[in-house]
Amino acid sequence: MEAHIKAISYFLPEQKLDNKKLNSLFPEWSVDKISAKTGIFERRITNEQTFSSDLGVKAAEKLFSEHDISPLEIDYILFCTQSPDYFLPTTACLVQDRLGIPTSAGALDYNLGCSGFVYGLGLAKGLILAEEATNVLLITAETYSKFIHPNDKSNRTIFGDAAAATLISNEPGIAKIGKSNVGTDGKGAENLIVKNGGLRNRQQNDREALTDEYGNTHHDDFLFMNGSEIFNFTSEMVPALVETTLKRNKLDTEDIDLYIFHQANKFMLNHLRKKIKIDENKFYYFLENCGNTVSSTIPIALYHAILDKRAKGNVLLAGFGVGYSWGGLILEFVPN
């Protein structure tokens with residue numbers, strides 16, 4: 001038995017945060033400097049009344065309408081988010097009800113960031129090969145903007161909100177899911193974290209916000225990212241991730257037709273591409289108009305790579321970030 005991706009769709013909230021607006025808030029950062037540093041021109045941000053379940057439902061509804069899929073076909077929901085609506089119940093339960101997916105379907109949340117889509121494909125494949133499911137709805141949805149301090153200009157330039165929905169099936173689709181390769185190193189937990197809000201720090205402390213040497217404001221209620229440590233982790237780990245993913249699938253670099261990495265920012269992507277010696281024609285970027293959408297960057301880029309007819313043959317996906325957590329996977333596209 002095999003597992004295939006049958007369809008992908010995604011949804012972005014309407015509200016835009018472009019570089020001109022960021023420049024008006026932080027005049028020391030010009031529009032050109034922001035775009036040159038990140039490769040991002042605008043991000044989409046949720047309003048106060050919109051949460052991950054809302055984005056996830058919108059993405060799934062687009063998936064159903066764009067690809068003529070009935071919610072009655074779904075027998076399992078995997079919902080990847082680090083910004084759930086509630087501690088409990090799971091966001092997957094909320095989505096099942098709102099989408100009209102049968103009550104016989106399994107549904108669960110899992111908490112992962114930028115590796116979340118690769119993990120989700122591997123989990124969906126496992127469910128299908130174990131004959132626990134036949135049509136898995138994988139949703140990735142984040143509203144990181146709600147975690148970011150208004151005066152943290154570094155993170156505000158990078159992250160955007162979004163959701164993506166992917167159908168994985170035991171029937172033939174557009175791409176067969178190959179073997180995944182994952183890893184974890186919790187020693188990096190402190191380098192990308194929201195400390196307050198969980199049970200360890202449920203009672204929010206009254207510490208004052210601190211401003212770093214670059215003028216970014218930090219507080220434990222909000223997202224903290226140690227950019228230099230994240231860069232070092234990524235620079236060391238991703239080349240090895242690509243190598244082991246190729247080996248696990250018995251492929252060489254020349255067998256890969258396209259690489260789609262987590263769209264962290266363009267500076268990091270260019271660094272990784274050059275370090276791994278990947279031809280620019282085989283490397284896909286898609287973040288200019290949505291930013292780093294965490295677990296949704298890869299499915300959004302994959303959606304556009306399919307539209308652009310760049311996704312063909314063997315496509316290597318690589319996700320990496322918060323945790324630390326990482327995952328690589330090969331998709332084998334079916335010839336048209």
Answer yes or no: is there a side-chain heavy-atom contact under 4.5 Å between S83 and E142? yes
Not counting sequence neighbours, list each pair that qualifies as a salt bridge (Lys or Arg N to Asp or Glu O under 4.0 Å) and has a residue in residues 88-114. D54-R98
More than 12 heavy atoms of other groups within 6.0 Å of K312 NZ: no
Below 4.5 Å, heavy atoms only, C-beta onward: do L317 and L121 meet side chain to side chain? yes
Quick check: is L241 connected to V118 through a chain of hydrophobic side chains (ILVMFWY, heavy atoms under 4.5 Å apart)? no
Check step by step if side-chain contact (heavy atoms from CB on, under 4.5 Å) holds for M237 and V242. CA-CA 9 Å; M237 182 279 305; V242 169; over 6 Å; no
Taking ILVMFWY side chains as joined if any heavy atoms are under 4.5 angstrom apart, and letting links pass through other members, which residues group with F224? I193
Is any side-chain heavy atom of V136 less than 4.5 Å from a side-chain heavy atom of I74? no
Using side-chain heavy atoms (C-beta onward) and a distance below 4.5 Å, is Y284 in contact with D308? yes
Applying side-chain hydrogen bond (donor to acceptor under 3.5 Å, both in side chains) to N170 and T134, what does each step give before you reach the verdict? CA-CA 5 Å; N170 64 349; T134 57; 5.1 Å; no
Does any pair with a residue in residues 121-168 pass ring-ring contact (aromatic ring centres under 6.0 Å, His included), and if so which ones, sequence neighbours excluded? Y144-F147, Y144-F159, H149-F222
Taking atom NZ of K20 as the centre, report whether more than 12 heavy atoms of other residues, nucleotides or ligands fall under 6.0 Å from it. no
Contacts satisfying salt bridge (Lys or Arg N to Asp or Glu O under 4.0 Å) that involve residues 73-82 (not counting sequence neighbours) are none
Qualifying residue, where the test is side chain to side chain contact (heavy atoms under 4.5 Å, CB included) with H304 and the options are I306, L302, L307: L307
OH (Y10) and CG (L63) are apart, to the nearest 0.5 Å, by 14.0 Å
What distance separates K21 NZ from E42 CD, expressed to the nearest 0.5 Å? 14.5 Å
Could I get the full list of side chain to side chain contact (heavy atoms under 4.5 Å, CB included) partners for A107, not counting sequence neighbours? I77, A92
What pairs with K33 under side chain to side chain contact (heavy atoms under 4.5 Å, CB included), at least two apart in sequence or on another chain? W29, S30
Could you check whether any side-chain N or O of N249 sits under 3.5 Å from a backbone N or O of T245, counting only pairs where one atom can act as donor and the other as acceptor? yes
Test salt bridge (Lys or Arg N to Asp or Glu O under 4.0 Å) on K16 and E14 and set out the steps. CA-CA 6 Å; K16 297 179 181 179; E14 289 186 8; over 6 Å; no
Transitive ILVMFWY side-chain link L329 to I168, under 4.5 Å: yes
Qualifying residues under side chain to side chain contact (heavy atoms under 4.5 Å, CB included), relative to E254, sequence neighbours excluded: D252
For residues 57-115, the ring-ring contact (aromatic ring centres under 6.0 Å, His included) pairs (sequence neighbours left out) are none
Transitively linked via ILVMFWY side-chain contacts under 4.5 Å: L167 with L123? no
Pair T91, T81: side-chain N/O donor-acceptor within cut-off below 3.5 Å: no
After noting the C-alpha distance and the side-chain angles of S53 and D85, does the key distance pass the side-chain hydrogen bond (donor to acceptor under 3.5 Å, both in side chains) rule? CA-CA 7 Å; S53 68; D85 292 30; 2.5 Å; yes
Say whether, by atom type as modelled, one donor and one acceptor occur between the side chain of R43 and the main chain of L17 under 3.5 angstrom. yes
State, with a plain yes or no, whether a side-chain heavy atom of N265 is found less than 4.5 Å away from one of L269. no
Step by step, work out the side-chain hydrogen bond (donor to acceptor under 3.5 Å, both in side chains) result for S228 and N226. CA-CA 6 Å; S228 60; N226 185 333; 3.1 Å; yes
Exam field: side chain T50 to backbone T46, donor-acceptor pair closer than 3.5 Å: no
Evaluate the criterion salt bridge (Lys or Arg N to Asp or Glu O under 4.0 Å) for residue pair E28 and K153; output intermediate values, then yes/no. CA-CA 11 Å; E28 66 276 20; K153 59 186 174 185; 2.6 Å; yes
Just to verify, what does K176 make a salt bridge (Lys or Arg N to Asp or Glu O under 4.0 Å) with, not counting sequence neighbours? E2, E332
Report yes if some heavy atom in the side chain of T297 is under 4.5 Å from a heavy atom in the side chain of C114; otherwise report no. no
Show me the pairs that pass ring-ring contact (aromatic ring centres under 6.0 Å, His included) and involve residues 305-334, at least two apart or across chains. F233-Y324, F233-W326, H262-F320
Ignoring hydrogens and geometry, is there a side-chain-to-backbone donor-acceptor pair from S325 to G321 under 3.5 Å? no
Pairwise distance OG(S235) to NE2(H271) - rounded to 0.5 angstrom: 3.0 Å
Does a side-chain heavy-atom distance below 4.5 Å link L55 with T143? yes
K266 to Y285, cation-pi by 6.0 Å centre distance and 45° axis angle: yes
Check side chain to side chain contact (heavy atoms under 4.5 Å, CB included) between N232 and all other residues, then give those that pass, not counting sequence neighbours. E229
Would you say that more than 12 heavy atoms from the other residues, nucleotides or ligands in this model lie under 6.0 Å from the NZ of K37, or not? no
Should we say atom CD of E48 is surrounded by more than 12 heavy atoms from elsewhere, each under 6.0 Å from it? no
One pair to check against side-chain contact (heavy atoms from CB on, under 4.5 Å): Y259 and R273. What are the steps and the verdict? CA-CA 9 Å; Y259 294 81; R273 183 184 64 76; over 6 Å; no
Steps toward side-chain hydrogen bond (donor to acceptor under 3.5 Å, both in side chains) verdict (N281, R310): CA-CA 10 Å; N281 293 324; R310 298 270 313 271; over 6 Å; no
Side-chain heavy atoms nearer than 4.5 Å, only ILVMFWY residues, links allowed to pass through others: does that put L12 and F51 together? no
Is there a side-chain contact between T157 and L22 in this structure, where contact means two heavy atoms from C-beta onward sitting under 4.5 Å apart? yes
Check against side-chain contact (heavy atoms from CB on, under 4.5 Å), L137 and L99: CA-CA 11 Å; L137 175 62; L99 290 173; 4.0 Å; yes
Could you tell me whether K6 and E171 have a side-chain N and a carboxylate O separated by less than 4.0 Å? yes
Would you say the side chains of N47 and Q15 form a donor-acceptor pair under 3.5 Å? no
Connected via hydrophobic side-chain network under 4.5 Å: V238 and I298: no
Provide the full list of salt bridge (Lys or Arg N to Asp or Glu O under 4.0 Å) pairs with a residue in residues 235-245, sequence neighbours left out, each pair given once. E243-K247
Side chain of D221, backbone of N196: donor and acceptor closer than 3.5 Å? no
